[in-house]
Structure formats: structure tokens, C-alpha cells
Amino acid sequence: MPRPTRPLLSSISTKTVMALTGLGLLGFVIAHMLGNLQVFAGREKLNAYAKTLQDLGPLLWVMRGGLLALFVTHVACAVRVTMWNKAARPQPYVSAKPQRSTYAGRTMLMSGLIVTAFVVYHLLHLTLGVTNPDHHALVDAQGRPDVYGAVVAGFQQWPISIAYVVAQVLLFFHLSHGASSAFQTLGVTHPRLAFLKHGFGTAVAAVILLGNCAIPLSIATGLIPCGGCGAR
Ligand code: HEM
């Protein structure tokens, strides 16, 4: 059977788009983590922050649309590149021993799919209130949605916290390889910027792992109090 071929230019542009959309999504993950870490400053801070976002109104929907477009484009490019790579090598290697590749690099599609499944669950949990409608319905003393209460009530349940931590570990693998590889694809060549291709992805991914895991773990262990959020 003739091998499907890919035009070189198309391959390069798909990888470039995948790199740019991936870096855009990384930016969202960092901003989202910084916003969420306000849970350590208490109910007032986190709920005020959430209310500010909700009050953006139509602008919030434009931002959500942009985020969705980044995500769909990133996944479409990833599937395309994976299919090309498979088609280019229909015969498996004689030696299955991977050469100069990392575990994170070889499992990008799998970690990406599991992180996607996590995001779907996460939206059902905290944004849409489908999995825990009682948490989502909480309102604070000022009549604002009690996002602090919903987060604390959710993470007080160990199975939910463990699911989040597992997802964050997979996100770490995905980002640590993805960020370095994106800068490689974008042709960062200046010696002073070499760190972007080596180590930067792992460092950023590690900070995100620590920041995102600190929230469920601090709540599940009782470090962050519920403070009358009505759960349990
Ligand atoms: C422990 C870690 C996390 C916490 C505590 C958290 C918390 C939240 C909360 C409270 C909301 C709902 C905000 C609201 O309705 O006002 C939310 C929405 C969301 N989260 Fe997270 N999140 C975490 C990790 C993540 C990660 C790792 C991702 C992506 C990989 C993510 C993606 C999203 C998305 C896409 C939304 C919807 C944003 C929107 O409604 O416009 N979250 N998160």
C-alpha cells in the first residue's frame, strides 16, 4: 500500500500552530493557578476574584471562546502530527528501546487525552455544578456565588482531591515536554534563550504541579478551613 505523504510546509505549519496554541494554553493554566491560589487568602479574596471575572459579561464569553478555539486547534494539530508520524513509520523499530526520547515525550497523546478528560470532569464539577450541585449552589454573605465554599467542600472529599492530584501529575508530564518542544519547534536559536528548550518546560510544569496540588491537599488535610461553607 502506498505510504500517505505530507507536504513539508504543511507539516511545519501544523507543528508551529500546535506550539503556539500549546503556549497559549500554558498561559491560561498559569493565570488560572495564580487566581486559584487566592483560596489561601480566604473566602473574601477568592469570591471577589470570581465575581470580577463573572462581571466581565460578554468579554468573559469572548475569552472562553478564545480558550476553546486554542484547545480544539491544539488537539486537531496533535492528532494530525501523530497520524503523520505513524504513517511515516508503518514498520515498528526492530529494537523497541527508545533512543534519546523521554517518557513524557512518548506519552504526549495519552497524557493530553487524560488531561482533557480531567478538564471535562472539572467543568462538570466547579463550573457547571453537575457532579456536586449542592456545592455549586452555595452563596456567600454578600449574595455572591461561594466559589471558595464550593472548592473547599469539593476537596474535603479525598477521592475528588486524589483525582485532581493524579490529573496534575499527568499535566506535569504533558507540560514539561510540551513547553520545551514548543520552543524547539519555534526555532529559538539564540544561545541566551537555550534554557527555553532545556529545563524551562520542566521548571514551569513543576511550579504548576506544586501550585495546583497545594490546593486540594491543603483542603483535604484540613489546613484550609471550610468556615461555614455548609458542606459535610
Ligand atoms: C487544583 C487546581 C484547580 C482549581 C482549584 C481550579 C478551580 C476552578 C474553579 C473554582 C473554576 C470555576 C470558576 C467559576 O465558575 O467562577 C474553574 C474553572 C475552570 N478551570 Fe480550573 N481549577 C484547577 C485546575 C485547572 C486546570 C489544571 C485546568 C486546565 C488544565 C483548569 C481549567 C479550567 C477551565 C477551562 C475552567 C472554566 C473557565 C471558565 O468558566 O471560563 N483548571 N477552575
Side-chain angles (χ1 to χ4, degrees), residues 21-43 45-72 74-75 108 111-133 135-140 144-176 178-179 204-221 223-224 229 231:
T21 51
L23 291 177
L25 291 168
L26 174 65
F28 163 77
V29 170
I30 293 172
H32 189 50
M33 178 193 72
L34 294 175
N36 289 332
L37 284 173
Q38 295 181 65
V39 73
F40 288 100
R43 169 176 280 114
K45 272 267 181 211
L46 188 67
N47 288 0
Y49 165 70
K51 182 82 173 62
T52 307
L53 286 183
Q54 280 163 14
D55 286 348
L56 292 175
L59 184 60
L60 179 62
W61 284 101
V62 171
M63 287 159 69
R64 284 173 167 165
L67 189 60
L68 184 65
L70 279 182
F71 177 76
V72 170
H74 185 73
V75 173
M108 283 302 273
S111 58
L113 288 173
I114 298 174
V115 169
T116 302
F118 157 76
V119 172
V120 171
Y121 165 70
H122 181 51
L123 293 180
L124 294 173
H125 174 211
L126 287 172
T127 301
L128 301 170
V130 173
T131 57
N132 299 79
H135 299 169
H136 194 253
L138 294 169
V139 175
D140 69 11
R144 300 171 299 197
D146 189 6
V147 174
Y148 176 92
V151 169
V152 173
F155 291 147
Q156 278 184 336
Q157 299 177 23
W158 270 101
I160 294 184
S161 281
I162 290 170
Y164 268 76
V165 169
V166 170
Q168 301 314 309
V169 172
L170 286 154
L171 182 65
F172 165 79
F173 283 122
H174 196 80
L175 295 181
S176 66
V204 172
V207 170
I208 292 170
L209 175 70
L210 289 177
N212 278 346
C213 286
I215 301 171
L217 292 180
S218 302
I219 293 170
T221 53
L223 214 68
I224 294 181
C229 62

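Just so you know, ligand 1 is whichever comes first in the structure, and atom 1 is the first atom listed for that ligand.
Between atom 21 (Fe) of ligand 1 and the N, O or S atoms of His32, the shortest distance is to NE2.
Atom 40 (O) of ligand 1 has Arg64 NH2, 2.8 Å as its closest protein atom, hydrogens excluded (heavy atom only). The nearest heavy-atom contact from the protein to atom 1 (C) of ligand 1 is Asn212 O, 3.1 Å. Looking from atom 15 (O) of ligand 1 to the surrounding protein, the closest heavy atom is Leu126 O, 4.0 Å. Annotation: atom 26 (C) of ligand 1 to nearest protein heavy atom, Phe118 CE2, 3.7 Å. Ranking the protein heavy atoms by distance from atom 36 (C) of ligand 1 puts Leu123 CD2, 3.5 Å first. For atom 12 (C) of ligand 1, the nearest non-hydrogen atom of the protein is Thr127 OG1, 3.7 Å. Atom 10 (C) of ligand 1 has as its closest protein heavy atom Val147 CG1, 3.5 Å. Regarding atom 3 (C) of ligand 1, its nearest protein heavy-atom neighbour is Asn36 ND2, 3.6 Å.
Residue Val39 does not touch ligand 1, judged by heavy-atom distances below 4.0 Å. Under 4.0 angstrom from ligand 1, the non-hydrogen atoms of Phe155 all belong to its side chain. Neither the backbone nor the side chain of Ile208 comes within contact range of ligand 1; no heavy atom lies under 4.0 Å. When heavy-atom distances to ligand 1 are checked against a 4.0 Å cut-off, Cys213 has no atom that comes that close, whether in backbone or side chain. At a heavy-atom distance under 4.0 Å, only side-chain atoms of Val151, from C-beta outward, approach ligand 1.
Near Pro216, meaning under 4.0 Å from any of its heavy atoms, are these atoms of ligand 1: 1 (C). Interface of Leu171 with ligand 1, defined as ligand atoms under 4.0 Å from a residue heavy atom, comprises 27 (C). Residue Gln54 approaches ligand 1 through these ligand atoms, each under 4.0 Å from one of its heavy atoms: 16 (O).
Considering all non-hydrogen atoms of both residues, Ala50 and Val147 come closest at CB-CG2, 3.5 Å. Residue Met33 comes nearest to Ile208 through the heavy atom pair SD-CA, 3.6 Å, listed as atom of the first residue, atom of the second, then distance. Listed here is the closest heavy atom pair of Leu175 and Ala205: CB-CB, 3.8 Å. Shown here for Gln54 and Pro145, the closest heavy-atom pair between the two residues is OE1-CG, 3.5 Å. In this structure, Gly35 and Leu46 approach most closely via the heavy-atom pair O-CD1, 3.7 Å. The shortest non-hydrogen separation linking Cys213 to Pro216 is O-CD, 3.4 Å.
Residue Gln168 places a heavy atom under 4.0 Å from ligand 1. Judged by the shortest distance from any of its heavy atoms, Met33 lies outside the 4.0 Å radius around the atoms of ligand 1.
Contact annotation for atom 17 (C) of ligand 1: protein present (non-hydrogen atoms, distance under 4.0 Å). Counting only heavy atoms, the protein gets under 4.0 Å from atom 33 (C) of ligand 1.
Residue Thr21 holds its OG1 atom at 11.5 Å from CG of Leu67, rounded to the nearest 0.5 Å.
Side-chain contact between Leu209 and Val169 is present, with heavy atoms from C-beta onward closer than 4.5 Å. Looking at heavy atoms from C-beta onward, Phe40 lies in side-chain contact with Ile215 at the 4.5 angstrom threshold. For the pair Trp158/Thr221, a side-chain contact is recorded, criterion being any heavy-atom separation below 4.5 Å from C-beta on. No side-chain heavy atom of Val207 sits under 4.5 Å from any side-chain heavy atom of Val204.
When the side chain to side chain contact (heavy atoms under 4.5 Å, CB included) test is applied to His125, the partners found at least two apart in sequence or on another chain are Tyr121, Thr131, Asn132, Ile160, Tyr164.
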Open item on the list: The test is side-chain contact (heavy atoms from CB on, under 4.5 Å); show your working for Val166 and Phe118 and say whether it passes.
Closed with: CA-CA 9 Å; Val166 170; Phe118 157 76; over 6 Å; no
